[in-house]
Protein chains: 2
Amino acid sequence: MDIAAVLRENGYKVTPQRLAVYEVVNNNTTHPNAEAIYKELQPKYPFMSLATVYKTMEIFAKIGVVQVLQCEEDAHRYDFNTKPHAHIRCTRCNRVMDVDVERDKLADLAQTQTGYRVDSVNVSFTGICAECQNEETGCQNEKEN
Amino acid sequence: MDIAAVLRENGYKVTPQRLAVYEVVNNNTTHPNAEAIYKELQPKYPFMSLATVYKTMEIFAKIGVVQVLQCEEDAHRYDFNTKPHAHIRCTRCNRVMDVDVERDKLADLAQTQTGYRVDSVNVSFTGICAECQNEETGCQNEKEN
DNA sequence: GTGAGTGCAAACGCTTTGCATTCAT
DNA sequence: ATGAATGCAAAGCGTTTGCACTCAC
């Protein structure tokens, strides 16, 4: 994707900051939040501010470059896969993975039941990832209260 | 439900504050957040503090008296219907309604795809409720940016 | 009487905003 | 040269916490 062109098409200026954010998080499959993006930028782009990351991600979301996840977590996470899909988060290590669900079917169901015109379908799961399941034996769960 | 008994069974003391919260939000179908609960308590129970509402709702969630919703919104909302179900929020008036979805099927799907042991399934929708759809004609959408 | 619960205010984490400065156009 | 974008610090929001006081048991 030519991010510069997409920005221009949408009336946004092409700045080093925006290119830097795109460069760092494009093809990133870890579903980072703003803080993570900021930290990842630090070594190569120490001039970046966290506020700019937020502002940039807001624009990226608006022009469809990323989607914002609802992960049953406090901080937003961003996904460069903008195809609608669901996510599952490991409550132990916070790793997030994609899940494909039939969103259209769910939307139809909701529309039929409630009469709402459905605009967005958000599906998320939490669980324990395969890796953490392996480590679980004899190991106390860090997340226990 | 005998909330006093449930509290005692779980080792929590029965206080006027906890009874007041339960009285006000039990059978409440508006999926209120902490602030809304606080405000609803004010006239009848002006002694209540917001912090206590939070603390009480946390306990209620822990002992299964309420469930906490993820509504693609900033503030938590609470639901006294603890049967697992999904929600749809109107982006115009913020009204929230219940939706029944086959969560088990979704959980199986996620488990198969990712290998995670699925602990929770969260489904939420946004849309425009029937009422707001009616009002929509010739009326600018308040939520438009 | 004792420990749990309360209320206040302060702190918190994530996010947004105001504003002077800088930069893309 | 002009308006948009940046960076900083401060404010904002919903939420949690520390602590002295109060109350259910």
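What you see is a predicted model, and the numbers here were worked out from it, not measured in a lab. A note on names: the letters A, B, ... follow the listed sequences, proteins ahead of strands, and every chain is numbered from 1.
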Any [X] side-chain nitrogen or oxygen under 4.0 Å from OP1 or OP2 of [N]:
{"X": "B/His76", "N": "D/dG14", "result": "no"}
{"X": "A/Tyr54", "N": "C/dT16", "result": "no"}
{"X": "B/Thr52", "N": "C/dG7", "result": "yes"}

* Asked: Do B/Ile88 and B/Val96 belong together in a cluster built from hydrophobic side chains that touch within less than 4.5 Å?
  ->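 Not linked; separate clusters.
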
Distance, rounded to the nearest Å, where [X] contributes [atom1] and [N] contributes [atom2]:
{"X": "B/Met48", "N": "C/dG5", "atom1": "CE", "atom2": "C1'", "value": "11 Å"}
{"X": "B/Lys55", "N": "D/dT17", "atom1": "NZ", "atom2": "C1'", "value": "7 Å"}
{"X": "A/Glu58", "N": "D/dA5", "atom1": "CD", "atom2": "C1'", "value": "13 Å"}
{"X": "B/Leu19", "N": "D/dC23", "atom1": "CG", "atom2": "P", "value": "15 Å"}
{"X": "A/Lys39", "N": "C/dG13", "atom1": "NZ", "atom2": "P", "value": "12 Å"}
{"X": "B/Ile37", "N": "D/dT15", "atom1": "CD1", "atom2": "P", "value": "10 Å"}
{"X": "B/Leu50", "N": "D/dT16", "atom1": "CG", "atom2": "P", "value": "10 Å"}
{"X": "A/Met57", "N": "C/dT15", "atom1": "CE", "atom2": "C1'", "value": "14 Å"}

* Asked: Would a line drawn from the ring center of A/Phe47 to the ring center of A/Tyr45 be shorter than 6.0 Å?
  ->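 Yes - the distance between ring centres of A/Phe47 and A/Tyr45 falls below the 6.0 Å cut-off.
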
* Could you walk me through whether B/Thr126 and A/Asp119 pass the side-chain hydrogen bond (donor to acceptor under 3.5 Å, both in side chains) test, one step at a time? => CA-CA 6 Å; B/Thr126 63; A/Asp119 292 331; 5.2 Å; no

* **Residues touching DNA chain D, which here means a heavy atom under 4.0 Å, drawn from residues 10-17 of chain B** =>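 Nucleic-acid contacts, sorted: B/Lys13, B/Val14, B/Pro16.
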
* Checking all strands, does A/Ala51 fall into the base, sugar-phosphate, or nothing category for heavy-atom contacts under 4.0 angstrom? ->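 Contact class for A/Ala51: base.
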
Taking every non-hydrogen atom, the tightest pair across [X] and [Y]:
{"X": "B/Val6", "Y": "B/Asn10", "value": "O-ND2, 2.7 Å"}
{"X": "A/Tyr116", "Y": "A/Gln111", "value": "O-CG, 2.9 Å"}
{"X": "A/Cys129", "Y": "A/Cys90", "value": "N-SG, 3.4 Å"}

* Asked: Nearest nucleotide by nearest heavy atom, which residue falls closer to the 5' end of DNA chain D, A/Arg18 or B/Arg8?
  ->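 Comparing both residues, the 5'-ward one is A/Arg18.
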
* What nucleotide, of C/dC8, D/dT15, D/dG7, holds the atom closest to the side chain of B/Ala34? ->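 Of the options given, the side chain of B/Ala34 lies nearest D/dT15.
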
* Consider the side chain of B/Ala75, meaning its heavy atoms from C-beta on, and name the nucleotide among C/dT15, D/dT15, D/dC8 that approaches it most closely. =>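 Given the options C/dT15, D/dT15, D/dC8, the side chain of B/Ala75 is closest to D/dT15.
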
* To do: Look only at the side chain of A/Gln133 and the backbone of B/Gly115, and say whether a donor-acceptor pair between them is shorter than 3.5 Å.
  =>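 Checking the backbone N and O of B/Gly115 against the side chain of A/Gln133, a donor-acceptor pair under 3.5 Å is found.
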
* Do B/Leu7 and B/Ile59 touch side chain to side chain, with heavy atoms closer than 4.5 Å? ->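 A side-chain contact exists here, since the closest heavy-atom pair is under 4.5 Å.
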
* Work out how much the helix from C/dG1-D/dC25 to C/dT25-D/dA1 bends between its end axes, five pairs an end, to the nearest 10 degrees. =>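 End axes: 30° apart.
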
* Asked: Do A/Glu131 and A/Arg92 meet the salt-bridge criterion of a basic N to acidic O distance under 4.0 Å?
  ->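 Salt bridge absent between A/Arg92 and A/Glu131.
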
* Output the distance between atom CD1 (B/Ile3) and atom CZ (B/Arg18), rounded to the nearest 0.5 Å. =>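 Here the interatomic distance stands at 9.5 Å.
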
